[in-house]
Amino acid sequence: MTHSKSCGRFAPTPSGRMHLGNILCAMLSWLSVRSRGGRYILRIEDLDAERCPRALADQIEDDLRWFGLDWDDGGSDGGDAWYQSCRSSVYETYEARLRERGLLYPCFCSRAELHAAQAPHRSDGTYVYAGTCRGLTAEQIREKSRKRGAATRLIVPDETVFFEDGCQGWYEENLARDCGDFIIRRSDGVYAYQLAVVVDDGEMGVTEVVRGQDLIGSTARQMYLYRLFGFAVPQFYHIPLLTAPDGRRLSKREKDLDLGVLRKAFGRPEPILGMLAKACGLRETARPISLPELAEGFDWSRIPKHDLALPSEILQVVNFS
Ligand code: GLU
């Protein structure tokens with residue numbers, strides 16, 4: 001399949017109801033491609049199927065539709081192909097390619113061993129793998145496999161990867177020093193986010209990836225996978241996160257300002273879009289505004305790098321604890 005025009009995507013993990021920060025991400029990714037007549041897709045990142053029931057994915061669709069954030073392909077209308085939990089066989093073919101090139105090895109390290117032996121990753125607090133299982137002999141692998149299942153790791157070269165993020169600017173990481181060999185398949189057989197996201201964005205013809213700034217530390221690893229698979233690398237935009245008045249970032253787990261609360265409090269999308277537009281620098285005031293209005297003259301250079309305070313207008317209406 002060839003895709004010529006720009007293609008954006010929203011790729012939520014349906015582990016809870018979306019919050020305002022998720023809508024900001026959906027809104028900016030939608031505006032970015034729609035303002036240029038591009039294609040927009042919805043992919044459900046439910047790799048961890050137990051934590052991500054279909055009902056929550058359906059709720060995300062309902063919330064997106066309520067805002068008018070429409071998509072050309074994906075979601076439930078597109079069938080299983082748009083749910084990562086149903087795409088294992090696709091990921092398997094890409095895993096096999098890496099295996100044929102001798103780039104994978106089984107890792108038997110337990111969580112406790114990993115934490116004890118490694119240095120923290122520079123930007124996201126995950127750990128840089130020390131390479132403990134890289135040199136295991138066939139005999140050692142057989143022995144260890146009797147006791148526990150192995151995760152699968154990808155060998156990374158000592159090489160610096162860099163890119164110009166559309167929001168955060170220049171970014172670089174050395175794969176060996178800052179990331180280390182990383183997991184592409186967990187010991188329970190579930191494929192890792194890093195592999196699935198690259199295979200999907202690559203296969204689905206995504207040309208721009210808009211997501212939270214907290215994921216920028218994954219991008220160097222993903223760029224390495226893009227190269228190994230021969231996919232064109234998309235333009236990345238790592239957008240600022242919304243923070244509560246006490247400085248903490250919004251999280252789905254805490255049910256902060258989820259869409260259930262907001263839809264009830266405001267009754268229609270325009271006031272919420274207006275507040276988000278002001279918070280992220282697209283408009284001077286928080287007056288209610290529609291998506292088509294926001295798409296007019298949409299400009300990434302207005303979006304700041306740093307975290308964004310929750311709009312004060314929201315705090316006046318919603319009882320935020
Ligand atoms: N599924 C991830 C999330 O909901 C987003 C991953 C991505 O956009 O690359 O946080």
Side-chain angles (χ1 to χ4, degrees), residues 7-33 40-54 56-61 63-64 69 71 73-75 82-87 91 123-126 163 165-168 171 179 182-184 186 190-226 229 231-242 249-259 303 307:
C7 176
R9 47 73 151 182
F10 187 49
T13 297
S15 56
R17 187 102 184 231
M18 289 193 291
H19 59 62
L20 201 56
N22 303 125
I23 284 298
L24 177 65
C25 184
M27 178 183 102
L28 292 178
S29 56
W30 187 95
L31 287 172
S32 181
V33 283
Y40 193 63
I41 64 179
L42 173 64
R43 180 178 69 242
I44 306 297
E45 301 212 322
D46 59 349
L47 283 169
D48 216 329
E50 267 171 45
R51 271 179 57 233
C52 300
R54 273 294 162 106
L56 282 176
D58 293 346
Q59 179 71 68
I60 288 177
E61 291 195 5
D63 286 336
L64 292 174
L69 293 161
W71 53 95
D73 286 306
W82 301 89
Y83 293 79
Q84 290 190 327
S85 59
C86 300
R87 294 175 55 79
Y91 306 140
S123 61
D124 66 5
T126 57
F163 62 100
D165 188 84
C167 226
Q168 304 295 324
Y171 191 86
C179 309
F182 61 92
I183 291 182
I184 58 133
R186 299 184 343 198
V190 174
Y191 282 96
Y193 158 68
Q194 309 291 4
L195 181 96
V197 76
V198 172
V199 169
D200 288 350
D201 283 336
E203 285 226 324
M204 293 168 186
V206 168
T207 61
E208 54 183 76
V209 167
V210 179
R211 60 189 176 200
Q213 190 269 336
D214 52 334
L215 284 169
I216 198 164
S218 289
T219 309
R221 279 168 273 187
Q222 294 173 13
M223 285 179 68
Y224 179 49
L225 283 169
Y226 275 103
F229 295 144
F231 290 132
V233 175
Q235 171 66 50
F236 292 101
Y237 298 88
H238 287 90
I239 64 167
L241 303 183
L242 287 173
R249 291 171 164 182
L250 299 190
S251 128
K252 255 183 246 169
R253 257 161 290 144
E254 290 158 283
K255 294 211 171 301
D256 288 345
L257 299 179
D258 78 25
L259 267 295
I303 312 293
D307 283 356

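Everything numeric here is computed off the predicted structure, so don't read it as measured data. Counting starts at 1 for both ligands and their atoms, in listed order.
Both tests pass for R54 against the ring of Y83: distance under 6.0 Å to the centre and angle within 45° of the axis.
E208 has its side chain within reach of S32: a pair of non-hydrogen atoms, C-beta onward, lies under 4.5 Å apart.
A side-chain donor-acceptor contact under 3.5 Å links H238 and D165. Between Y91 and D200, the side chains place a donor N or O and an acceptor N or O closer than 3.5 Å (distance only, hydrogens not considered).
In this structure R9 satisfies the salt bridge (charged side-chain N to carboxylate O under 4.0 Å, His left out) test together with D201, sequence neighbours excluded.
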(request) Under the side chain to side chain donor-acceptor pair (under 3.5 Å) rule, what do S218 and Q194 come out as? Steps first, then yes or no, please. (result) CA-CA 7 Å; S218 289; Q194 309 291 4; 3.2 Å; yes

Put together the list of close N/O pairs, under 3.5 Å, between ligand 1 and the protein, could you?
unit_1   : atom_1 : unit_2 : atom_2 : d
ligand 1 : 1 (N)  : A11    : O      : 2.8
ligand 1 : 1 (N)  : T13    : OG1    : 2.8
ligand 1 : 1 (N)  : E45    : OE1    : 2.6
ligand 1 : 4 (O)  : T13    : N      : 3.1
ligand 1 : 4 (O)  : T13    : OG1    : 3.3
ligand 1 : 8 (O)  : R9     : NH1    : 2.6
ligand 1 : 8 (O)  : R9     : NH2    : 3.4
ligand 1 : 9 (O)  : R9     : NH2    : 3.0
ligand 1 : 9 (O)  : Y193   : OH     : 2.8
ligand 1 : 9 (O)  : R211   : NH1    : 2.9

